[in-house]
Every structure is written in structure tokens, then in C-alpha cells.
Amino acid sequence: MLFDTPAFADFFAVFFLLYYLARDSLRVRNGLILLGSAVFYGAWSVQFLLLLVATASFDFFAALHVAASNKQRARLWTAASLSLNLAVLGFFKYCNFFVDSFRDLLALGGVQINTATLDIVLPVGISFYTFQSMSYVIDVYRGRIAPSSNLVEFLAYISFFPQLVAGPIERAGSLLPQFQTERPITSQHLKDGMTLTIVGLFKKIVIADNLAGFVQLAYGNPDPGAGLVIAGTTAFAFQIYCDFSGYSDIARGTATLLGFKLMKNFDLPYLAASLREFWRRWHISLSSWFRDYLYVPLGGNRRGLWRTCSNLFIVMLVAGLWHGAKITFVLWGAWHALGLISNKLWLVVKPVWMRIPSAVGWILTMAWILYGWLIFRASSIEDVYRLTAALTNFSTPVWFHLYLRNLAVLCVPLLLYQIWQRTRGSEFPLLSATWSRAFVHAFLIIAILVFGQREEVRPFIYFQF
Amino acid sequence: MRSHMYHFSRRDALRWIGAPMMMFVCGVAAAHILRLGNFFGDFQAPAYMEDIVISEKAGAARERRDANLLFVGDSSCLMDFSARELEELMPETKPYNLGSLSTLGLAKFGEFTAAFLATHTNVRTVVLLISPTMVRSGSSPPPPPARHNSPEEEHEIEKFRHDAARTETELARLTEREAKFGKLLALPFIKTQLVARVFETPYDGEFGFTYGFASGVREHMKADYGSALDPSGASGAVKFHGIDSSIENFVSREFKPQCQEFRRALPSGVRLVVGLTPEPTSVMATNYPEIVRRTLLILKEFLRADDVLTNLRTRLPDQYFSSDTHLNPAGARQFTHALAIALEKHTRYAASKNRRRSAIASGNGPVVSSGRDQEGNW
């Protein structure tokens, strides 16, 4: 069930009504959320729903054992839980990748082996709920949170449908208590929930889905030229941002309407003046997950410059691999690792008196990010070479002016609005007064409906991760 | 324990939900008023290739004031040669390609031609260039209505029919509920009349790589004096099926009245030359050139044509085709050169031999360089 389809609107309307009726009982509410989430996820696949329930249940009991055991046994239970989660993730997501990579590696050494590629379907959202579940067990092990003693409550937390398939990856310390206490729903919740949901749908249906054609035109072009590659990559940067942040906005919006508070997953990432800042603003729930559960345990920046750099490299490589079993994702991670390490080294060697104007920093950062998106979007290493080589070809197609004009219609207003958001320090400037908010809501809804009547519904990009 | 509390009044809820709803209703009402009042004239969202071709050809009377050679015909005429390249090969000519779609029929071609000739008094020769498929099928449109409309009115009726058919197809893809919902909210109007003025989505695939956008098709046709390209088979691998090309199955009986109607639309004093566009080599019988020759003679009679292009290539290798009837860009280049050679004999315009030689030397020229092609037919 996709957020941007009438099926979800119908589902949410019914759910919202039942949720309202269940306001008198916390237990019924959590049961209802679990049931709703099961319907939401089961619409894709009942088998994968059972997988989710099985792994989450194991983590639930593992966490109880972790909390009740001595240090050594707790470590064992934690290791068992992490192993199970990583094994499930590894099987569904990386099995073919590693088998193929192993075969290719042997082929380099002149050894030819035949490997059968398994026909494995990736369960939707597995990377998100697995990470959420793992962080729960680790936090219990670290003594940061107490384990939940209620399976329904825990399963409702893991499978909470607004954020189940593409995040934000919520920490138990932040979201789980919200299932345990009474939640007031104020008019502010209503306003913010509506606004976030509408803005998210607008970003997805109107901007991201329309940009998909622009991206395909550039990346599928057999002879694109530098102009088209740059413009197409810019289109992809906006497409993936609007697609993913749109999903996060809808997740936050629907959760807010139910009285829950989810973390902000994107904070104007394309206005970042450095790569470090970009990673503090892009997919915040994942980057902070990697920081807390991988970078810091590896030693973070506490063990000298070179260790910091190697830790950064490992974390970014894993972050790349998290996106999928594809060499271009690993390369993308390595590219960002290189950028972050350069950034780090520059801060060390830079003379104290030297200040880089933020505009220059922004241009350099954007150039780095855009080339990163080129690697990310390319279908293979050969495609990366082809598109990179195209950057030295300055010819443009005759219709390039039309491409730029239409691209600008979609992207420039968004960019200007984000600059305004940053200047005002508000997520929704213009939307404080009743009538201005009403006007903007109505405008966005009409645009969503106009573009929402389409022949093909494009799934969210991050569903594949 | 209570689950959640709703800490807002009904008034709050009304304010935050009712106000946007009111604005929404106002917006939809405004769209309906604009639609009913026809405040935006006849602007058509340039979405489909067919729409663009029809509207461009309908407005062609404003194009290329100095034209002296007019091509008219079906989509093979539209896409199988470049009018601009033809002008380079035949510098004395100022060609304009009024080729459109076979579904419009010869009678409509005649109306387009008459409208064009009314504003282009330099045109002395009209070349009717159609695909053998159109001749075979007759491609008979419904008979014209009894009431005599002006060409502009007819064009609008045709466009309406076309749009209506398309809308039905589009609606079929949506559920009935969605379609009704869309109409109620004036969504099609907003999309095609308001949004389309400031934004258009690109084409997919090879059409996208060639034209980019619907406006790109328009711009291409303007730049190429009415000609377009069919890039769909540029990558090759088009499979053709053999057809019965015996003469009995070649000229449709329904074609004669259409030919007569076309002829009636042409003013006197204008030479009419008729030609057929080429077919893929693999699907045609070996006696096909002879069949074409005989067909052209029949067409000459039906159309009371002044001349027929019997020396035009009848077949081209399969790799030059993007579909059964359309040449791909490489094929169009070949056929343009072949057309220049053929026209040299049948019109008063001479092809530039130097340019033609240099084109042939550079590999852009036709497979043959004389009136007789490799198949040995004229």
C-alpha cells in the first residue's frame, strides 16, 4: 500500500475513525495500530509480514533476556539477536551480490565457477525495521532503555505503519514510550499533521514523480553531453530528495495526526555549506544510527586523525552498502567517505585565519554531492564511466532549453522556498495565519489531485532499499 | 488508562479543516468558471504527437510564406524526408511538408492543401506523397458531414473527435470513480489548460532523446519546414511481416472517391505530382517495383495527376525503417536524397549536383545516385 494512492487514503480514513473510537484504551489503541500496520504491510506480502513478526518477536524476547541476564549472557543474547537480524538482512539483500562478487573475484584469478543466482525478492522496508529492531536490543544491552514487557506494544512500535517501510528509523528511547503513555492530540497536531502530509504528497506526486522523466531522459540518453548529464543529475538530486523527504513528511504527518512525534529526517540538506553539514541534514535517522551504533563503537574521532579517517571510510562504505547490493552504492559511499575525509583533513591543515566564504563552500559541496548522485543513479560501473566521460562533451540536444525551463519550473520554487525556510528558521513560513495556510493547502491539494490522476504509480525510491 | 485525548474544540477543527476546504472549493469553482467561459481560447496541451501534428498543420497557412513546393500526405510523407535537407539539395525550391496522418484521409489533406495554397501563391507544384499502406487500406475516414464547414471548423471538429477518442482511452485507464472525481473537480481542465502552459513532462525513450518534449516536436517541425522524424526504430531490430502485395490487393476501391475529393480541393494551375514512400525490402515481393509502377498509374488516373514519381525508390533495406511505414532518421536521409533526384525530373527545380555529390561522398547520400535504383525499376 503506497502513501500516494487512493487505497492508502481509504485505509487511513477508516483507521483514523477507529483510532478516534479507541481513544479510551491504550491497550486497544496499540492493538489497533498493530492490526492497521499488519493490514498495511500485509497488502504487499503476508509471508514477509510473518517474517517481520518473527524477527521482531525474537528481538523482543532477546531484549527481555538481555535485561534479565548477567553481562556475559546479555552479550550472547545481543549477539544472537544481531546475528539473526543481519543474517535475514544479508540473505534477502546481499546473497546474490556476494555470490556474484565471489564468482567475479575467482574469475579474475582465472577460476570459472557456475553459480545459480537465487530469485530472491526483497521484503519492503527490511533495512529500516531491521535497523530499528537492532538499535532497540543494543540500547537495552547498553542499559539506555528498559525493555518493553508487552509484545503487542513492541510489535506496534516496530511495525508502526507511518514509518515502517522507509523510516525515519526511530529509536526505541524516543518512540516506544509514546506507545506506553497517553498522547494528547491538540489543534497544533492537527495543523502540523495536515501540513506535513500535504507537503509530503506534493513533493512526491508533483515534484519527484515528474522529475523521474527528466532523469530518465538524461541517464537513458545514449549520447547525453555534459549539459544534459549535469541537468539530469540535478533533476535526480531533487527527485530523490523530494521522493524520500516526501515519504518522511507523510510519515511524520500521519503519525502527528495520531498523536505521535517522529524525528525529522531531512533538514534542508541542499543548503549545506560542507559535506559534514550535509550528512547532519540528509537522512538524519540513518546517519545518526550509523554514528551511534558503528562510528562511535569503532572509536569515532577519539583515537587520532588516521583512525578517525578510517572509521569514516568504513561507516560510509557500510552506509553505501546499506542502500543495496550494488557496486555503485558502495562506490557512492566511498565517494562520500573521500569527501568527508578531505573535509576533515582540510579542517586540520587549514590556517586559522583562513575562512572560506559559505557560497564557495556550498558550490563545492553541491558539486561533490551531485557527482555522488551520478554514481548512485548510474546503473553500473560502465554507466558511471560513460556518464563521467560525457562531462567532457559539451554538445547539448536541440531541446535542452526546454529541459532547463521545465526543470526550473519544478526545482527553482522549491529551492527558493527552502532558502526562505532557512532564513526564517521555520519549517513552514507563510503557514502561520489561518487563511494563508488554507490557501496553500488548497493549492497543494489541487496540484496533488491534478498530477495524482496518472497512468502509473511510481513507488517511492527508498522502498527498494 | 486512556489512550489519547483530543485537546481541541470543534471550532478549531472547523477552522483548520474547513478553511482549506473552502479555499479548495473556491479554486475548483474558479476552474469550472474558466472552463465554461472559455477564457483560455483554443489552447491545447501539447501532449501527444498526433495532436501536435494536426494543430501544427492546421496552422501551417502561417508558415513559410516563400514556399514554392508543397508536399502533402500521410505520416510517411511527414516523417520520411527532411524538407530542410531537400532545400539544401535543391536550392531553387522552398519546400514545405504538409504531411500529417493517414487517419485524416485524402479529403482532409485536400482541405489542408487548399488552405495552405490560399496563402502561398508561389506554390506551383504539389507533391502527394503517401505510403502504399494507405493506398492498400484506403484509410477511409467517415464521410464528411452534410453541412459544409470551413476548413478551420472541420479541423476543430476533427480535433474534437480525436481528443474525445483519446480522452476515452485515458479514462479507460482510470477507474470510473477516479474519472468522475476528476471531472467533478475540473482536473483535466486544470492540467491541460493551466498547468500545460507553464510545464510539460518529457517524452519517454527514443522520442524523448530526439524531441525531448512535445514543444520540441513543434520546434523541430518549424525548423524542418513541416517535416518530422520517427526515431522509434533508430536502434534497429524492427521485425516486419510479409504482406500480400499483388495488384488486386493493392489499390483499395474506396480510394477513388477520396482521390477525387482531394483533386477537387486543389486550385487550377497547380501541378499535382504523386509518389509512394518506400517499403522494407524483406517484406515485398520481387515484382513489387512493377506493382508500384502500375499503382502509380492507377493513382494518376484517380487523381488526374500531372505526373507520377515512378523513378522514386520503392524499397529500402529494413535497417532504414522504424516501423512498417516510417523510415528512421538514417532512412529519411536516404529517401530525401532519392526524392531530390526523382523530383529533378518531374519539377522545374534542379537539384544541386555539387551538393548532392558531396553528400554522397560524405556517406550521407542515397544508396543510388541516378534515376534508376539498384532494383532496376524507375
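As a basis for the values below, the full set of heavy atoms in this structure was taken, side chains included, without hydrogen atoms, waters or symmetry mates. Below, chain A is the first sequence line, B the second, and so on; all start at residue 1.
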Interface moiety of A:Leu410 toward chain B, non-hydrogen atoms closer than 4.5 Å: side chain
Is A:His401 in contact with chain B via its backbone, its side chain, both, or neither, using a 4.5 Å heavy-atom distance? side chain
Output the distance between atom CG (A:Asn221) and atom CD (B:Glu206), rounded to the nearest 0.5 Å. 10.5 Å
Heavy-atom pairs under 4.5 Å with chain A: which of B:Ile17, B:Leu187, B:Leu185, B:Ile190 has the most? B:Leu187
Specify whether B:Phe213 and A:Phe214 have parallel, tilted or perpendicular ring planes, treating 30° as the upper limit for parallel and 60° as the lower limit for perpendicular. tilted
Any chance CZ of A:Phe439 has more than 12 other-residue heavy atoms, nucleotides or ligands included, within less than 6.0 Å? no
Proximal component of B:Met22, with respect to chain A [non-hydrogen, under 4.5 Å]: side chain
Indicate yes or no: at least one non-hydrogen side-chain atom of A:Pro222 is less than 4.5 angstrom from one of B:Phe209. yes
Is it the case that the side chain of A:Asn406 and the backbone of B:Glu200 share a donor-acceptor pair, with hydrogens and angles ignored and the cut-off at 3.5 Å? yes
Any side-chain heavy-atom pair from B:Tyr203 and A:Leu217 closer than 4.5 angstrom? no
Heavy atoms of A:Ala438 and B:Pro20 approach each other most closely as CB-N, 3.5 Å
Side-chain contact test, heavy atoms from C-beta onward, threshold under 4.5 Å: evaluate it for B:Phe24 versus A:Leu449 and give yes or no. yes
Choice from B:Val195, B:Thr201, B:Asp204, B:Thr210 maximising heavy atom contacts with chain A below 4.5 Å: B:Thr210
Check: A:Trp435 side chain, B:Met23 main-chain N or O, donor-acceptor pair, under 3.5 Å: no
Heavy-atom cut-off 4.5 Å, strictly under: side chain, backbone, both or neither for A:Leu190 against chain B? side chain
If you count every heavy atom of other residues, nucleotides or ligands that lies below 6.0 Å from A:Phe443 atom CZ, does the total exceed 12? no
Count the heavy-atom pairs under 4.5 Å between each of B:Gly216, B:Gly208, B:Ala223 and chain A, then report the option with the highest count. B:Gly208
Flag the pair A:Val398 / B:Tyr211 as yes when at least one side-chain heavy-atom distance between them is below 4.5 Å, and no otherwise. no
